[in-house]
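See below for the structure under consideration.
Below, read A as the first sequence line, B as the second, and so on, with proteins coming before strands; counting in each chain starts at 1.
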Amino acid sequence: MLDGRSLPALAAWYRASARDLPWRRPEFDAWGTLVSEIMLQQTQAARVAVEIDRWLERWPTPADLADAPTHEVLRQWGTLGYPRRALRLQDTARAIVERHGGEVPRDVDALLALPGIGDYTARAVAVFHFGDRHPVVDTNVRRVVARAVHGRGEAAPAAKRDLADVEALLPASPADASVVSIALMELGALVCTARAPRCDACPIADACAWRAAGYPPYEGRRAPRQAAFAGSDRQARGTVLRALRAVDVPLAEADLAPLWPDAAQLERAVASLAADGLVLREHGAVRLPD
DNA sequence: AATGCGTGGAT
DNA sequence: TATCCAAGCAT
């Protein structure tokens with residue numbers, strides 16, 4: 001159970017143990033926070049940490065990114081993964097310029113209306129930059145709450161009701177609530193990890209319902225496992241994009257053929273990349289968008 | 001609700 | 001080495 005004793009212990013642990021990550025520096029503005037949160041969607045913090053400063057030096061405001069050539073945006077995105085995020089980030093920059101005068105909005109519904117921004121990212125910006133009071137629910141928070149509050153070893157697959165579940169745990173004051181949210185995330189990342197939790201180092205072990213119950217194994221529903229990556233359409237798409245990032249001219253489709261053993265699958269990959277707007281096809285060649 | 005979407009670190 | 005998993009989102 002998380003209560004008036006364990007939450008202050010959690011906050012104290014956070015102040016003493018938090019990683020020194022770039023987006024936690026005081027000079028990070030709303031745009032820097034938003035960009036970092038997009039990069040952090042399914043990409044580990046340590047990998048984002050080495051890319052974020054260079055990105056923001058190049059495009060320090062939404063207007064700068066809005067005006068950038070998309071092929072340069074995709075090249076700068078590099079190997080962070082899920083490159084559709086880079087396209088949507090640029091779309092979001094353009095929407096911020098057009099709808100919000102170039103300033104990142106504070107309102108959660110306005111943030112949710114931006115492309116590539118969902119329940120987690122919208123509230124992360126509203127809470128961690130603007131200091132408002134909202135539940136911020138990512139995979140770490142869901143796992144910590146599943147264990148400490150509900151006594152289960154794993155979180156159930158993400159669902160809309162997670163928002164209300166976590167909101168009920170937050171202190172009344174926005175400042176206290178934001179520390180609880182960031183501390184729950186950090187605890188899940190450093191201590192209450194998915195694989196080998198370090199319960200001996202946990203600041204709320206005494207309050208943990210999973211520990212009190214003797215660490216029962218998880219019995220609930222799980223999200224379906226990802227399909228194998230080797231030989232997948234995703235790998236084929238990644239191979240094509242990697243080749244296109246490495247050159248600044250269109251590649252003839254005949255030049256792509258040696259990169260992938262299955263010609264039909266390669267064709268499928270290029271077609272789906274084109275459908276996503278990640279590549280353009282013209283005159284039997286493929287290139288990154290302008 | 002279930003899928004598809006990249007890449008690399010951790011175990 | 002193989003598998004899991006990572007500050008999710010859109011459809």
Tracing side-chain contacts under 4.5 Å among Ile, Leu, Val, Met, Phe, Trp and Tyr outward from A:V108 reaches A:L112
Residues at least two apart in sequence or cross-chain that pass salt bridge (charged side-chain N to carboxylate O under 4.0 Å, His left out) with A:D132, listed by chain then number, are A:R106
Within the structure shown, what part of the strands sits under 4.0 Å from A:R24 by heavy-atom distance: base, sugar-phosphate, or nothing? base
Contact list for DNA chain B against residues 127-138 of chain A - heavy-atom distance below 4.0 Å: none
Applying a 4.0 Å non-hydrogen cut-off, can you work out what A:S232 is touching in the nucleic acid: base, sugar-phosphate, or nothing? nothing
Partner of A:V127 by side chain to side chain contact (heavy atoms under 4.5 Å, CB included), out of A:I182, A:L170, A:V179, A:V136: A:V136
Tell me, please, which residues at least two apart from A:R281 pass salt bridge (charged side-chain N to carboxylate O under 4.0 Å, His left out). A:E253, A:E267
For a quick test of reading the model, state the closest non-hydrogen atom pair linking A:A285 to A:P250 and the distance between them. CB-CB, 4.0 Å
What does A:R221 touch in the nucleic acid at a heavy-atom separation under 4.0 angstrom: a base, only the sugar-phosphate, or nothing? sugar-phosphate
Mind checking who shares a hydrophobic cluster with A:W210, ILVMFWY linked at side-chain heavy-atom distances under 4.5 Å? A:Y215
Regarding A:S36, tell me which of base, sugar-phosphate or nothing describes its non-hydrogen contacts under 4.0 Å with the strands shown. nothing
Protein proximity profile, nucleotides 4-11 of chain B - base contact B, sugar-phosphate-only contact S, no contact -, cut-off 4.0 Å on heavy atoms: BBBBBSBB
Select from A:E37 and A:I117 the residue whose nearest nucleotide in DNA chain C is closer to the 5' end of that strand. A:E37
Determine which pairs satisfy salt bridge (charged side-chain N to carboxylate O under 4.0 Å, His left out) with at least one residue from residues 199-227 of chain A, sequence neighbours left out, and list them in order. A:E154-A:R222, A:D206-A:R211
Given the P atoms of C:dC9 and B:dG8, what is the spacing between them in whole Å? 22 Å
Suppose we screen for salt bridge (charged side-chain N to carboxylate O under 4.0 Å, His left out). Which residues come up paired with A:R237, at least two apart in sequence or across chains? A:D276
Rounding to the closest angstrom, what is the interatomic distance between B:dT3 and C:dA7 at atom P? 24 Å
Using the salt bridge (charged side-chain N to carboxylate O under 4.0 Å, His left out) rule, collect all pairs that involve residues 62-83 of chain A, keeping only residues at least two apart or in two chains. A:R58-A:E72, A:E72-A:R75
Applying a 4.0 Å non-hydrogen cut-off, can you work out what A:W77 is touching in the nucleic acid: base, sugar-phosphate, or nothing? nothing
Hey, does A:A124 reach any base, or is it just sugar-phosphate, or nothing, if we go heavy atoms under 4.0 Å? nothing
For DNA chain C, which nucleotides open and close the run of contacts to chain A, 5' to 3', at under 4.0 angstrom from a non-hydrogen atom? C:dT3 to C:dA10
Base, sugar-phosphate or nothing for A:P115? Non-hydrogen atoms, less than 4.0 Å. sugar-phosphate
Among all residues two or more places apart in sequence or in another chain, which pass the salt bridge (charged side-chain N to carboxylate O under 4.0 Å, His left out) test with A:D53? A:R25
Partners of A:W55 by ring pair (Phe, Tyr, Trp, His ring centres under 6.0 Å), sequence neighbours excluded? A:W59, A:W77
